[in-house]
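Just below is one structure, and these are the notes that go with it.
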Amino acid sequence: MSAKWYLGTGAQNDVVVSTSVHIARNCAAYPFPGRLSLPDKLKVNDVVRAAVESIPDYSFRFSEMKTLSQAQVVSLAERHLVSPEFASSRDGRALLMTEDESVSIMLNEADHIRLQVMLPGFAPDEAYRTADTIDDLLSEKLEFAFDERLGYLSQDPTALGTGMKVSVVLHLPALVRTSQINSLITMVSRLGLSMRGSYGEGADAKGDMFRLSNTITLGISEHTAVENLKSITLQLAARERAAREEIFKSIATEDAIFRAYGVLKYARQMTTDEFMDLISLVRLGAVRGLIALDCATVEDLMVQMQPATISLSVDRPLDRAERDKLRAERVRQALL
Amino acid sequence: MLCQNCGKNDATVHLKRIVNGSAAEVHLCADCAYSLGYGDAFSGFGFGTGGLFADLFLKGENAAQLRCPGCGKTLDEVISGGLLGCAECYNTFYDKLVPTLRRLHGKSVHVGKRPNHPRGDRAAQLRRELDEAVARQDFELAARLRDEIGELTANGGDGQ
Ligand SMILES: [Zn+2]
Ligand SMILES: [Zn+2]
């Protein structure tokens, strides 16, 4: 198996886990997916696939979603390679993905083309550059639905304009523990961004992982959207670091980290929720230098221990109890 | 159906989420959808908020039977479903959409990148702007546009 994108580590890695850029595009010659017959969806898949496969320097694997099992599709969603919506209905949909999973393209989700570039750490410029280049190459082959006034057209008016979303996943355990997170979520929403749990919702975000993204796409350039996100990210990261200084003044924080580490190393069964709570503390200890563990191992575990993904790693269906037992086993092995 | 977050308002936003190894649906009211960060097309990984746009749509239009010649969708269907059918819908319903787009994005004019398809209508657009400039007797702009069109059509492709 080749190295996946999340096995790298990036800048600002103590707080910023990963960066992604999404671009939505539609072919001018066809109605949007909501209005597209199944045979026409398959035609769009063929046309876009040919254009994508002509891109130099990248090699994409094509999969029709209906050829994948439910667990395979849900696992793709757990790894944030496809949207939950995409996973929920598979007819006429297809996925193009590079071997390292850093570039993935959903076909016939809410748009004909949903391109995603995902990189470890804080890399908005680099992720945008890659997405922009691929978009340019595709637009030489495909005529996109575009309007001078409204920009790139989509069936969903909330994506008009650039059709571009840039986001970072942030690890914010100290802002959660000092109860600052909800007011920050409100603050960023006033700035045209949104912040929500990357796994789970709102203040119940599992693993203290949050996804920060731009919400506005019309009347704002790609460059401005990227710069805004960068500046808010750096401000949130600075606040998180200050909050970490606060919570580490008490021995209780270090104690909680080592207790979590102990449970992860020795438990015999573990739910996803418990795992996410504990690994968050261990990640905090690792970036603090308390525990000798690199972030790439933590990020890899977070992905691999999700329910459908862990079920896929064995060749038979698992019930919940078996999954919890296997999860504890895998975590023990990884932390030995 | 009531909103799963506040339990008070009617749920109008229906989203797919991954919960315990399968795709589950989450039902929220528009307010909660916004406060939980779902107020955009790309939420979650995310993508796809059926219905949120419908809530924002200015009601009381009496042009509901207006129909898109491209895909046959009516303004009524656009308002109730929150989704447009094809590129031509945006031409057909443009005037009706602009106020809603302003509420949604704060602005209604695109300022980002543009496609570079060889058959893309950059030159055609410039010609339209040129016509308008000439009609307004803005000859300075017209001269600039004429130069730009000349460059476009000289450099590779025929600009059409
Ligand atoms: Zn609600
Ligand atoms: Zn239409």
Side-chain angles (χ1 to χ4, degrees), chain A residues 22 24 26 28 31-32 34-35 70-71 74 77-78 80 82-85 87-88 109-110 114 132 136 139-140 142-151 153-162 164-165 185 189 194-196 201-202 213 215-222 272 306-308 311, chain B residues 5 15-18 20-26 34-50 52-53 70-73 81-87 89-91 94 97-98 100-101 104-121 125 128:
Chain A
H22 300 114
N26 289 280
F32 300 135
R35 208 76 177 161
Q70 179 68 17
V74 172
E78 287 175 351
H80 299 121
V82 305
S83 63
E85 162 58 32
S88 69
E109 207 251 22
R114 284 270 172 108
D132 185 45
D136 282 345
S139 93
E140 283 169 15
L142 303 168
E143 191 174 352
F144 291 144
F146 182 83
D147 179 274
E148 292 299 331
R149 302 157 297 190
L150 300 175
L153 302 179
S154 164
Q155 66 182 17
D156 189 335
T158 60
L160 287 173
T162 59
M164 193 276 298
K165 173 181 149 173
I185 288 174
S189 74
S194 77
M195 185 158 70
R196 35 179 306 284
E201 305 303 321
S213 323
T215 50
I216 290 173
T217 51
L218 183 59
I220 183 171
S221 70
E222 290 84 355
T272 316
Q306 297 302 313
S311 299
Chain B
N5 190 54
L15 300 151
K16 299 292 194 308
R17 300 283 299 148
I18 298 297
N20 285 324
S22 55
E25 206 163 358
V26 184
Y34 271 119
S35 63
L36 291 173
Y38 287 117
D40 68 331
F42 301 96
S43 25
F45 160 95
F47 303 159
T49 56
L52 193 54
F53 176 66
C71 68
K73 218 166 189 173
L83 298 176
L84 287 93
C86 71
C89 284
Y90 281 102
N91 277 326
Y94 180 76
L97 286 169
V98 164
T100 309
L101 294 176
L104 213 52
H105 293 274
K107 301 211 171 94
S108 62
V109 180
H110 177 55
V111 295
K113 76 181 279 193
R114 32 182 314 115
N116 57 357
H117 189 268
R119 285 192 291 116
D121 56 356
Q125 169 64 20
R128 274 198 297 278

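Letters A, B, ... mirror the listed sequences (proteins, then strands); counts begin at 1.
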Response to the item:
To the nearest 0.5 Å, atom OG1 of A:Thr272 lies from atom CD of A:Glu78 at 8.0 Å
Discussion item. I'd like to verify something: which residue of B:Cys89, B:Gly70, B:Ala87, B:Gly72 has the highest number of heavy-atom pairs under 4.5 Å with chain A?
Written reply: B:Ala87
Practice prompt. Let me know if A:Ile220 has heavy atoms under 4.5 Å from chain B in its side chain, its backbone, both or neither.
Written response: backbone
Practice prompt. Working to the nearest 0.5 Å, report the span between CG of A:Leu160 and CG of B:Leu84.
Written response: 8.0 Å
Worksheet item: Looking at A:Ser154, A:Ser311, A:Ala28, which has the largest count of heavy-atom pairs under 4.5 Å with chain B?
Response: A:Ser154
Practice prompt. Kindly indicate whether the side chain of A:Pro157, heavy atoms from C-beta on, has any atom under 4.5 Å from the side chain of B:Thr100.
Written response: no
Worksheet item: Under a 4.5 Å cut-off applied to non-hydrogen side-chain atoms, are A:Thr162 and B:His110 in contact?
Response: yes
Worksheet item: Which answer fits A:Asp132, side chain, backbone, both or neither, if we ask what part of it has an atom under 4.5 Å from a heavy atom of chain B?
Response: both
